[in-house]
Amino acid sequence: MVKYKHALALNPYFGDSTALIGAFPPTGLEYIVASMKDLVGKVTLLDLRHESAYQDPKVLSKFIRNEIDLLCVSIRWESRFEEVCDFVSQLPPEVCTVVGGYKATEEVEYLFDRCPNIDMVVRGEGEEIVKQIVTGIPYKNIRGLSYRENGGGIVHNENHPLPDITHIPFPDRSLRKYDYSMVKHGVRLTSHTFDTVLTTRGCPFKCKFCTFSLNPLGQKRNYTERPVESVIEELKTVTADVVLFSDDNFFTNPKRSEQLCDLIIKNKIQKIFVAQARIDIARYPRVLDKAEKAGFKLFLIGIESPHDRILKQLDKGITQQEVRDAFAVLTQQDFYLHGYFIYGNINETKEEMLYIPKFAKEIKLDSISFQKLRVEKFSPLKEVVEETPGYYYSRIGGSVYSDRYGRKELKQIRNRIRAEFYDIPQVIHIIRKTRRIGLVSGRDLTNAFFKLPLLIYGLARRKTRKKI
Ligand code: B12
Ligand code: SF4
């Protein structure tokens with residue numbers, strides 16, 4: 001006899017979002033579904049980005065009242081957090097509601113307060129915890145769980161140990177009803193479909209600004225690898241054309257990365273692979289060769305700053321010269337290279353920030369993204385910001401400003417970085433390169449060209465809404 005007959009796994013995010021975010025499935029929620037699906041009568045997975053009728057909480061509530069006895073919601077991002085809280089709080093209070101995810105874990109008390117219909121918050125990685133909930137283990141015995149008692153008080157059990165990822169089932173894609181692709185303002189930008197695969201959790205490095213390898217409870221996630229055979233089994237179930245390896249750094253263990261590439265080639269898995277990496281990968285030319293043969297086309301590389309002083313401040317463990325040497329190697333092959341930068345660092349001058357686009361062109365990056373320095377709840381950088389006179393942040397997860405570089409100044413600097421890097425020759429280079437290496441097709445470009453008016457209209461509507 002199962003405790004729950006029909007569970008609903010809900011990704012509550014919809015509305016304006018960047019094209020990139022529309023491209024990927026809700027991987028964490030799919031892990032949760034895979035862990036509980038054999039322990040409940042039935043599971044339905046709803047991703048509101050693809051369910052326009054259910055974006056109305058009244059319509060969704062009707063479905064929930066008729067069908068559902070367990071509602072599982074994933075709350076992962078800082079962005080749109082308040083909108084998500086508004087939405088969730090309108091869902092039926094009589095149905096058992098459990099939320100989890102990175103942001104939910106950071107905001108446990110607030111969520112209970114804000115959404116009176118939430119019964120439980122699962123803190124941290126939720127696979128083992130959700131299994132215990134659905135099999136009827138008394139709440140007081142479930143580690144990692146915060147729950148509302150009958151009297152209304154909130155109980156926080158002790159933390160759950162991190163699950164062993166070698167035994168966690170990978171996401172079951174058979175429950176998916178949609179293909180994921182890049183959509184911006186209702187316009188599909190490429191004919192490719194997208195998916196993510198997670199082959200490791202954690203990262204052995206300790207860059208000061210980064211909380212990737214810390215779970216939202218502030219626990220360091222030790223670097224752990226899934227068996228390569230299990231990754232290959234999962235890849236065989238993926239139908240998408242483009243796969244993002246969402247590991248913090250796919251090449252942390254180059255020997256294993258090489259082994260995975262060999263197995264991808266041996267099993268004739270033909271995909272376009274995208275991976276997050278550090279510049280260290282340039283030290284392993286054989287792995288790079290294998291990666292190219294296996295279908296890796298795009299690397300997302302954390303560079304953060306061109307300045308040794310700032311790289312040191314961030315504990316990135318690399319120098320400007322090492323970045324230059326690495327790119328001299330990486331640009332020998334036909335990979336698309338995207339670099340991440342951070343600007344607005346402590347004591348960074350305007351001139352130093354504006355060197356980012358020049359440096360990016362010198363090392364021949366194809367594209368860049370640049371973010372203001374941010375402070376996370378458990379990031380070691382938080383203390384540094386708090387101790388530096390003239391520097392401040394208004395909320396956890398928010399940007400760092402200073403007396404000299406406030407919101408307005410940093411916005412002007414951001415616009416200049418963007419304009420100086422993305423000039424017309426660079427845009428033409430990006431179009432040519434993405435086409436040459438197969439990231440977009442000629443048909444995609446023609447389609448995008450004809451839909452340009454729609455895109456401009458979407459952008460204008462968004463800008464107007466922002467002003468209101
Ligand atoms: C890959 C990734 C992306 C991908 C998304 C891929 C995808 N599938 O969605 C892309 C590149 C699109 C992306 C974008 C962004 N990301 Co991101 N991303 C990641 C990354 C590296 C891995 C996510 C992942 O797959 N984790 C593995 C899964 C298994 O873990 P999980 O999602 O946390 O789920 C587990 C638990 O949270 C829990 N859980 C989750 N949902 C539920 C639901 C229930 C009911 C239960 C019980 C449990 C539960 O159980 C799951 C299994 O263990 C994380 C860092 C990290 N290491 O986690 C950052 C991270 C999630 N991203 C982050 C950020 C800030 C962003 C961006 C805002 C960056 C930017 N400026 O553009 C954007 C914005 C996204 C948005 N919607 O607005 C932050 C979020 C911090 C915050 N509090 O907001 C993180 C934590 C990194 C960081 N520390 O800065 N990201
Ligand atoms: S920035 Fe990259 S290398 Fe540094 S700790 Fe974070 S995930 Fe690891």
Side-chain angles (χ1 to χ4, degrees), residues 7-13 16-36 49 70-81 84 97-107 120-131 133-134 144-145 160 162-163 165 168 170-171 180 194-198 200-216 220-221 223 244-249 251-252 274 276-280 300-304 314-318 340 342 369-372 374 376-379 396-398:
L8 173 63
L10 183 72
N11 180 33
Y13 295 86
D16 284 337
S17 66
T18 71
L20 192 63
I21 289 146
F24 295 108
T27 308
L29 188 62
E30 292 194 336
Y31 265 102
I32 294 300
V33 169
S35 286
M36 72 173 173
R49 288 173 294 182
L70 178 67
L71 172 60
C72 299
V73 189
S74 183
I75 302 186
R76 303 187 298 287
W77 318 105
E78 160 78 22
S79 59
R80 301 192 70 80
F81 179 58
V84 165
T97 300
V98 36
V99 303
Y102 202 95
K103 184 67 181 164
T105 307
E106 287 183 333
E107 302 282 355
M120 285 170 255
V121 177
V122 166
R123 305 186 321 257
E125 296 179 28
E127 289 91 344
E128 301 289 338
I129 307 170
V130 84
K131 271 161 101 175
I133 295 173
V134 297
L145 186 70
H160 196 285
L162 290 166
I165 63 163
I168 294 175
F170 54 76
Y180 286 87
F194 291 73
D195 208 335
T196 57
V197 169
L198 194 63
T200 58
R201 288 193 192 177
C203 166
F205 294 92
K206 293 191 180 82
C207 307
K208 236 187 190 135
F209 58 92
C210 173
T211 50
F212 272 30
S213 56
L214 292 180
N215 75 10
K220 172 93 177 151
R221 196 1 151 171
Y223 171 73
L244 164 73
F245 284 115
S246 47
D247 307 24
D248 295 343
N249 171 12
F251 298 98
T252 299
V274 179
Q276 316 210 74
R278 283 176 60 97
I279 57 159
D280 318 35
L300 308 165
I301 305 176
I303 297 163
E304 324 308 351
L314 297 173
D315 268 347
K316 185 71 190 172
I318 57 178
Y340 294 117
I342 299 176
S369 46
F370 31 92
Q371 297 215 340
K372 280 176 283 199
R374 284 189 303 128
E376 298 280 353
K377 195 167 174 183
F378 296 104
S379 127
I396 293 292

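Here, residue 1 is the first one in the sequence, and each next residue gets the next number. Side chains are part of it too, since the values below use all heavy atoms of this structure and drop only hydrogens, waters and symmetry mates. We count ligands from 1, going down the list as the structure has it; atoms in each ligand are counted the same way.
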Give, for atom CG of D280 and atom CZ of F205, the distance between the pair rounded to the nearest 0.5 Å. 5.0 Å
Minimum distance, heavy atoms only, to atom 27 (C) of ligand 1: which one of L198, I75, I32 is it? L198
Numbered in order shown, the ligand 1 atoms found under 4.0 Å of a heavy atom of E106 are 83 (N)
Distance filter under 4.0 Å to T27 heavy atoms, resulting ligand 1 atoms: 8 (N)
Would you indicate which of R221, E125, R76, E30 comes nearest to atom 80 (C) of ligand 1 when only heavy atoms are counted? R76
Looking only at heavy atoms of R80, does any of them come nearer than 4.0 Å to an atom of ligand 1? no
Closest to atom 35 (C) of ligand 1 (judged by heavy-atom distance), picking from G28, A7, P26: G28
One finds that the ligand 1 atoms under 4.0 Å from a non-hydrogen atom of V122 are 47 (C)
Have a look at V73 and tell me which of V99, L8, N11 forms a side chain to side chain contact (heavy atoms under 4.5 Å, CB included) with it. V99
Assess C203 for proximity to ligand 1: is some non-hydrogen atom of it under 4.0 Å away? no
Quick test: of every protein heavy atom, which one is nearest to atom 3 (S) of ligand 2, and how far off is it to 0.1 Å? R278 NH1, 3.3 Å
Find all atoms of ligand 1 within a distance of less than 4.0 Å from any non-hydrogen atom belonging to E376, and give their numbers and elements. 90 (O)
Near atom 6 (Fe) of ligand 2 (cut-off under 2.8 Å), count of protein N, O or S atoms: 1
Donor-acceptor pair, side chain of T105 and main chain of G124, under 3.5 angstrom: yes
Taking only non-hydrogen atoms of P25 and a 4.0 Å limit, the atoms of ligand 1 in range are 7 (C), 8 (N), 9 (O)
Side-chain heavy atoms of V122 within contact of V98, under 4.5 Å: yes
Taken to the nearest 0.5 Å, the spacing of I342 CD1 from L314 CG works out to 5.5 Å
Taking every heavy atom of T211 against every heavy atom of E376, the minimum-distance pair comes out as OG1-CG, 3.5 Å
Cation-pi check, R80 to Y13: give yes when NZ or CZ is under 6.0 Å from the six-membered ring centre and within 45° of the ring axis, no otherwise. no
Within a distance under 4.0 Å of any heavy atom of Y31, pick out the atoms of ligand 1 and give their elements. 29 (C)
Does P216 offer a backbone N or O that forms a donor-acceptor pair with the side chain of R123 under 3.5 Å? no
Could you give me the CA-CA distance, side-chain angles and deciding distance for K377 and E106, then say whether salt bridge (charged side-chain N to carboxylate O under 4.0 Å, His left out) is met? CA-CA 8 Å; K377 195 167 174 183; E106 287 183 333; over 6 Å; no
So, 4.0 Å and heavy atoms of Y13: is ligand 1 close enough to count as a contact? no
Out of L214, L70, V73, whose heavy atom is nearest to atom 45 (C) of ligand 1? V73
Within-shell test, R374 vs ligand 1, heavy atom, strictly < 4.0 Å: yes
If only atom types and distance count, is the side chain of D247 paired as donor or acceptor with the main-chain N or O of T200 below 3.5 Å? yes
So for ligand 1, is C72 a polar contact partner (N or O within less than 3.5 Å, distance only)? no
Is any side-chain heavy atom of Y340 closer than 4.5 Å to one of Q276? yes
If we only count N/O pairs under 3.5 Å, is S79 in contact with ligand 1? yes
How many angstroms lie between atom CD of E30 and atom CG of L198, to the nearest 0.5 angstrom? 12.0 Å
Closest candidate by heavy atom, reference atom 84 (O) of ligand 1, pool E78, E107, Q371: E78
To check your reading of the model: name the closest protein heavy atom to atom 2 (Fe) of ligand 2, its residue, and the distance in Å. K316 NZ, 4.2 Å
Measure the CD-CD1 distance between E304 and I318 for me, rounded to the nearest 0.5 Å. 7.0 Å
Supply the atom-to-atom distance C203 SG to R278 CZ, rounded to the nearest 0.5 angstrom. 7.0 Å
Heavy atom to atom 91 (N) of ligand 1, shortest distance: which of Y340, F194, W77, F212 holds it? W77
Going by the atom numbers of ligand 1, which of them fall below 4.0 Å from some non-hydrogen atom of T196? 8 (N)
CZ of F378 to NZ of K220: how many Å apart, nearest 0.5 Å? 14.5 Å
As an exercise, identify every atom of ligand 1 less than 4.0 angstrom from a heavy atom of F24. 6 (C), 7 (C), 8 (N), 12 (C)
